[in-house]
There are 2 protein chains.
Amino acid sequence: MPSPPPSVSARLLSVLEAFSPGGTRLTLSEIARRTGLPLTTAHRLVGELTAWGGLERDGAGRYQIGLRLWEIGALAPRGLGLRETAMPFLEDLYEATHQNVQLAVLDGHDAVFLERLSGREAVHVFTRVGGRLPAHATGVGLVLLAHAPHETQEAVLSLPLKRFTNRTIPSGAELRRALAEVRRQGFAISDGQIELIAVSVAAPVHDHDDAVVAAISVVVPSENGDAYALLPAVRAAARGISRALGSPSARRLPGPVHRETFSAPG
Amino acid sequence: MPSPPPSVSARLLSVLEAFSPGGTRLTLSEIARRTGLPLTTAHRLVGELTAWGGLERDGAGRYQIGLRLWEIGALAPRGLGLRETAMPFLEDLYEATHQNVQLAVLDGHDAVFLERLSGREAVHVFTRVGGRLPAHATGVGLVLLAHAPHETQEAVLSLPLKRFTNRTIPSGAELRRALAEVRRQGFAISDGQIELIAVSVAAPVHDHDDAVVAAISVVVPSENGDAYALLPAVRAAARGISRALGSPSARRLPGPVHRETFSAPG
DNA sequence: CAGAGATCTTCCGTTCACCGGAAGCCCTGG
DNA sequence: CCAGGGCTTCCGGTGAACGGAAGATCTCTG
C-alpha cells in the first residue's frame, strides 16, 4: 500500500526545512535533494516562495531565507516577543559582567537560544541565536527541564543522553537528581558539560501564570573562580524579567507588607 | 472572466501574512476574515501549519506564530546574519551612549529594523525589532536610500511622501537634495522627522563588495544639544561592522603602514 | 433556562490545479 | 568540441484540494 502523498503545504514547508544553520544558501538542486522532491516540483514551490518574498536569490543565484520570513518570525510571542521584554535586563547583566549572557526557551528536548550577548573578551561558546542544544547538557536547559511538564521530563529521562565532555550528565538517574536540586535551589550551575572550559549560571523566568517560560544564564570561563558570585545578578535579572511579564511571585520586592488591600465587589 | 484562483502555496502564505505587529494572536475566524479564505479552507491550512510547528495555540485556543518559524527566520542572512556580526559593535555603541542604537536594512521603500538596543532612560522611539518605517523619514532610511539602486530612488521620489511632523521631508525635490548631501558627507542627521523630540545620527554599513547593505544610527532627545558629538562614535561602529563583513574600503585603520607581509606559497 | 449567535470541527462528492516526465537552454570545465 | 550539471518551460492525466452543509461547543442575553 502506497502511503498517502504529502500535501502541498507539507511540501512547501519541507522546502523551508531544507535550510539549516549549516546551509543558509542553497541552489535549487540542493533544495530538491534535501527535501527529496522532484526537481520540477521543487522549482515550482521555490518559485512561489520567492515571488512572495519568503526566499531571496543572492548574487550567485542561490536561494536564502528572505526578509519577509524573518519579519513573520519576529512576530512569534515565544521568540522576539519574549526577547523584547527581556532585553533591557539582559543588557544590564551584560554590562555588569561582560560575559556571555543568554536567553533560552524549551522546545521538545532542546534549549533554543533566543538571544546571546557576548563581548569580544568573553569565553567562546558555540551557541548562536536561533540555535539549539540538548536541554540536559546546558544550564538554561536544566532549569527549563526542571519545570517542564511531567511527560516531557520522563521522555528525556528515558532516552540516552548525548555526552559532550566527561562532565556531561551521563544517566537518567543523575539527571533526575540534578533536576530535583534545581527545583529545590531555584537555579542551576552547569560546570563544563558542553565545553570543559565554561561554567553556566542559570535561573528561571516566570510569566503571568507563574509558569516557567524561559531561562537566562551567564557563561564564564571555569578558571574565573567563583561562579556563585554571579548568582545574585543572574537571579535579579531573571526576577526583573518575570516581573515585566506580570509574574505574581515576582511582584515588587519582598518586604514588611502584611496587609493587602482588595477592592471588595459592590 | 474569473481570475485564476490563488495556488495552495499562496493561500498558505496568506495565512502567515494575516499576522501583524498589531495582531500576533488570532482566532481561526479572524484568520479567515483577514485572508478572505472560506472558514473551512482556513481551518485546513492552519491545521497543517500547526502540525508542522509553524503556528502554535495559546491557552485560549488562539493561534500565534510558532517557534519553528522563528528559527527559520533566524536563518535569513539579511536578518539575524547581519545582526550577529553587527552586535558587538552595537553593544559598544550602546554602552558608550546609553541611547537608542539601531540597525536597519532597506526593503522596498521602507527601513526594516533588525535590532534596537535601548536603555530605560533612552528617549522613547516607536520602532520595534521587525518593524518598518518609510525610508524618507528616518536617519537610517536616508542613508540606505542614498545608496540604493537608481530605480528604487526614482520610485520613492515620484511617490507622495508620508508626513509625520512638520520637519518630515515633504517633497521629492527636497529628498533628492537630502540624498545627495548624505552621499557627499557619508552620514545622515535626521532631526525630528518622525517625532519632533528625537534626532537620529546614521551611517552606512558596507559589505565585502562595498555595497551598502545596512545602516546604523543612534537616536537622542533633541534637547540633548549637539548630535554631531555622536558622529565619530557612530561612524567608527559602522566602519567596524563593515570591516567585519569584509569591506575593502574599511580594511584596517589608515596609518603609516607601507610594507605588508605576505607568506609566499611554496 | 431557553434560544440566538458566534466559533470551531467533521464529513464527503466534484472538479480543476497540481504533478512531474520529457525536452531544451545555459553554463563551466576538460 | 562535447560532456555534465544545473535551471527553466511545457503540457496532459489524475487524485488531492476545495468548500457547502451539518453538527458540536461555548457565550451571551432576555
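A cation-pi arrangement is present between A:Arg68 and A:Trp52, with the terminal nitrogen or guanidinium carbon under 6.0 Å from the aromatic centre and inside a 45° cone about the axis.
When the side-chain nitrogen and oxygen atoms of B:Arg44 are compared with OP1 and OP2 of D:dA17, none of them lie within a distance under 4.0 Å. In terms of phosphate contacts, A:Arg11 brings a side-chain nitrogen or oxygen within less than 4.0 Å of OP1 or OP2 of C:dC19. Distances shorter than 4.0 Å separate some side-chain N or O of B:Thr41 from OP1 or OP2 on D:dG19.
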Might you work through the side-chain contact (heavy atoms from CB on, under 4.5 Å) test for B:Leu37 and B:Val15, ending with a clear yes or no?
-> CA-CA 9 Å; B:Leu37 293 172; B:Val15 169; 4.1 Å; yes
Run the salt bridge (charged side-chain N to carboxylate O under 4.0 Å, His left out) check on A:Glu56 and A:Arg62 step by step: do they pass?
-> CA-CA 8 Å; A:Glu56 297 170 351; A:Arg62 286 171 309 185; over 6 Å; no
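A salt bridge is absent between A:Glu48 and A:Arg11; no separation between the charged side-chain nitrogens and carboxylate oxygens falls under 4.0 Å. Electrostatic pairing of A:Glu71 and B:Arg132 counts as a salt bridge here, judged by a charged N lying under 4.0 Å from a carboxylate O. Ion pairing of B:Arg83 with A:Glu115 is present here, as a side-chain N (NZ or NE/NH1/NH2) and a carboxylate O approach within less than 4.0 Å.
Residue whose closest nucleotide on DNA chain D sits further toward the 5' end, between A:Val8 and A:Thr40: A:Thr40.
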Below 3.5 Å is the cut-off: list the nitrogen or oxygen pairs between protein and nucleotides 4-7 of chain D, distance only.
unit_1	atom_1	unit_2	atom_2	d
D:dC7	OP1	A:Leu28	N	3.4
D:dC7	OP2	A:Ser29	N	2.8
D:dC7	OP2	A:Ser29	OG	2.3

Atom pairs, protein N/O to nucleotides 25-30 of chain C N/O, distance under 3.5 Å:
none

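Looking only at atom types and distance, the side chain of A:Glu17 has no donor-acceptor partner in the side chain of A:Thr35 under 3.5 Å away. For the 3.5 Å distance criterion, the side chains of A:Gln64 and A:Arg25 qualify, holding a donor opposite an acceptor.
Distance B:Leu45 CG to D:dC18 C1': 10 Å, rounded to the nearest Å.
When heavy atoms are screened at a 4.0 angstrom cut-off, B:Arg62 is found touching no nucleic acid atom at all.
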